[in-house]
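Presented below is the structure to which this report refers.
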Amino acid sequence: MKCVTLFRHDDHCWQMFGQDPDKPDNVIDTNQYMIRSGNAAILLDPGGMEVFPAMLAALTREVPVDEVKALFLSHQDPDIGSSLPLWRRVCNPDIKIYLSWMWSGFTAHFDRDAVFTTIPDEGMEISLSHDVRLRFIPAHYLHSSGNFSVYDAKARILFSGDIGAALVPPDRATGSMFVTDFAQHTQYMDGFHRRWLGSARARDAWCAQVSKLEIDMLAPQHGLVFKGDDVKRFIDWLSALEIGSGVAAMNR
Amino acid sequence: MEQHSSERRVRTQRTDRIESRANGLLIDCRRAFHSFRELDELAENLRILSLNAELAAGRAGDKGRAVRSLTQYTRELVNRLAQIQGEMHELRGQTFAHSSTILRSLTQLGLFERSCQLVADGDHDERARATVNRAFLEVMTILVETLDEMANVVRDLAGRTHGVEEVVSQSDSIATNIAIEAAAAGVHEKEFRTVSDTMRTYVDDLRLMIDDAADAVRRASEKGEALRRMGLDTLDDLNRIA
């Protein structure tokens with residue numbers, strides 16, 4: 001599994017894990033992110049159980065696993081958090097697990113013994129260390145009805161979960177973790193966003209909300225990271241996109 | 001930006017053997033319960049037969065006295081079957097609960113085994129290896145404990161199978177005795193012989209059930225014991241390494 005450092009300043013660091021070459025083909029590729037500051041780390045969307053071994057091996061190259069103090073699940077999907085019982089087995093018992101209040105009972109199907117710190121609809125802010133704070137920003141209905149993005153104002157990185165996701169065919173992958181040609185890249189995002197995202201009102205609200213933030217990188221859970229001007233390009237592209245395409249199938 | 005990749009994953013077989021045997025154990029347990037799937041219906045048929053036999057015995061007056069007693073025994077056997085059935089339902093529930101834990105543990109075991117392999121390279125420190133090995137050991141312990149409980153369920157199932165065997169043997173004797181009574185029942189002979197023959201049919205069906213179930217239980221018991229030993233050996237190995 002690849003590990004890319006997106007940001008580093010002193011002991012504050014963002015790392016992205018993904019593009020596991022040994023992942024079974026039928027399992028969707030996911031990006032996992034770790035934010036570290038001091039001796040605390042949080043994993044954003046730690047991944048499905050199928051990627052757990054490779055993810056654990058990649059992570060423990062970077063940090064002792066007992067420094068992972070928290071897990072954040074943007075929503076309830078299995079590729080986000082079905083590895084939960086495995087992480088809880090290797091991390092300290094007091095690990096915090098952040099998740100929308102909506103999904104704790106559902107996600108307990110992955111791990112009935114997990115104790116969740118539930119996030120209210122309005123979102124919340126947490127301290128990773130004395131000088132790094134993270135904001136959980138509402139991203140409801142995009143695509144999950146209880147969904148959050150994570151913003152790190154110091155690193156100026158927005159973890160956007162499934163928003164910005166791209167399904168890049170393996171034969172088109174360049175090996176880079178970053179979008180290098182935005183216009184070319186939209187073809188890999190188009191179908192996903194049209195079908196998975198259902199609410200134009202929610203999309204508009206999210207775009208308005210994140211447009212106010214200073215973002216150097218927008219990091220999705222699938223596909224490639226947007227940086228620099230591509231962040232604004234992405235938000236503009238998403239704002240104009242017709243979404244909710246599944247409804248067409250119901251009008252026959 | 002720094003970027004580096006982990007090495008390709010290599011499959012190992014340490015848990016494969018346990019997994020395939022555990023799957024075999026679950027299949028045998030399911031087969032044993034499946035063998036008794038018509039027990040409900042057979043017990044009900046036996047109950048109705050005993051009621052009909054009692055009516056026939058009543059019609060036969062003095063010549064039906066012995067048959068009447070025999071039908072009362074039959075009803076006691078039917079009650080015994082109903083009790084065994086209830087116990088089997090409970091065992092079936094326990095088996096499914098244990099199966100679920102075993103399958104979940106096996107999945108986790110496979111994933112931690114892969115993790116163990118991946119951290120067993122020069123890039124990981126002893127702390128990482130110890131963490132993953134400890135997790136593997138914990139899951140293996142849960143698996144062995146659950147297999148132990150599963151072995152107890154299989155033993156209980158063997159006990160219930162033996163209970164049905166006793167019912168079969170006693171029903172067979174009753175059928176024989178009714179046939180003997182039929183020979184001396186004069187005009188009622190045909191009626192009593194029908195009862196006796198029908199009862200034999202049910203006994204034969206029960207025997208088939210028992211044969212199939214006993215075979216499945218025996219296999220499950222052997223696999224359960226082998227698995228438990230295999231799990232204990234693995235635990236010993238892991239504890240030695242730890």
Side-chain angles (χ1 to χ4, degrees), chain A residues 1-8 13-24 27 47-68 82-93 109-113 174-178 216-217 219 225 227, chain B residues 1-16 19 96-98 100-146 235 238 242:
Chain A
M1 182 175 283
K2 285 182 184 171
C3 171
V4 177
T5 302
L6 301 179
F7 168 88
R8 191 187 293 276
C13 160
W14 271 71
Q15 284 174 307
M16 173 192 188
F17 301 86
Q19 296 186 8
D20 179 14
D22 293 327
K23 177 190 65 60
V27 173
M49 57 199 300
E50 198 48 51
V51 302
F52 172 80
M55 177 59 198
L56 178 65
L59 178 134
T60 48
R61 274 201 186 90
E62 308 299 325
V63 60
V65 74
D66 51 11
E67 287 194 10
V68 177
S82 62
S83 60
L84 188 57
L86 306 168
W87 284 108
R88 282 204 319 106
R89 207 170 272 292
V90 292
C91 293
N92 285 328
H109 279 275
F110 294 143
D111 186 355
R112 65 181 175 199
D113 297 323
T174 61
S176 168
M177 298 286 229
F178 298 95
D216 290 343
M217 283 187 208
V225 173
K227 58 179 176 177
Chain B
M1 312 281 170
E2 303 161 28
Q3 178 169 330
H4 57 256
S5 305
S6 61
E7 286 172 20
R8 284 186 71 81
R9 190 167 70 213
V10 186
R11 255 187 84 77
T12 63
Q13 307 294 319
R14 184 155 59 155
T15 55
D16 279 3
E19 186 165 358
F96 289 148
H98 291 324
S100 154
T101 308
I102 288 170
L103 294 173
R104 197 171 53 235
S105 301
L106 283 169
T107 305
Q108 293 195 0
L109 213 53
L111 292 165
F112 278 119
E113 182 178 46
R114 240 189 285 161
S115 308
C116 287
Q117 277 184 301
L118 290 172
V119 298
D121 57 12
D123 292 351
H124 290 83
D125 60 12
E126 186 49 44
R127 202 164 150 192
R129 284 195 290 275
T131 302
V132 181
N133 283 334
R134 193 188 63 236
F136 185 86
L137 182 69
E138 281 172 10
V139 180
M140 183 60 89
T141 306
I142 291 170
L143 180 65
V144 170
E145 284 170 1
T146 313
L235 271 185
L238 291 171

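Predicted model only: the values in this text are computed from it and were never measured.
In this structure, A:Met177 and A:Leu6 have side chains that are not in contact, with every pair of non-hydrogen atoms separated by 4.5 Å or more. No side-chain heavy atom of A:Trp14 sits under 4.5 Å from any side-chain heavy atom of A:Val225. The closest side-chain heavy-atom distance from A:Arg89 to B:Phe112 is below 4.5 Å.
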Quick one: do B:Leu118 and B:Val132 satisfy side-chain contact (heavy atoms from CB on, under 4.5 Å)? Show the steps, please.
CA-CA 10 Å; B:Leu118 290 172; B:Val132 181; over 6 Å; no
Check the pair B:Thr131, B:His124 against side-chain contact (heavy atoms from CB on, under 4.5 Å), reporting the backbone distance first and the verdict last.
CA-CA 11 Å; B:Thr131 302; B:His124 290 83; over 6 Å; no
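Within residues 138-146 of chain B, the residues having any heavy atom under 4.5 Å from a heavy atom of chain A are, by residue number, B:Glu138, B:Val139, B:Ile142. Close approach to chain A, defined as a heavy atom under 4.5 Å from one of its heavy atoms, is seen in B:Arg104, B:Thr107, B:Gln108 of residues 101-110 of chain B, taken by number.
Under the side-chain hydrogen bond (donor to acceptor under 3.5 Å, both in side chains) criterion, A:Asn92 pairs with no residue, sequence neighbours left out. Under the side-chain hydrogen bond (donor to acceptor under 3.5 Å, both in side chains) criterion, B:Glu19 pairs with no residue, sequence neighbours left out.
A distance of 12.0 Å separates CZ of B:Arg114 from CG of A:Leu56, quoted to the nearest 0.5 Å. How far CE of A:Met1 is from CE of A:Met55: 6.5 Å, rounded to the nearest 0.5 Å. The CG atom of A:Leu86 sits 7.5 Å away from atom OG of B:Ser115, with the distance rounded to the nearest 0.5 Å.
Residue contact with chain B, scored on non-hydrogen atoms closer than 4.5 Å, involves the side chain of A:Val65 exclusively.
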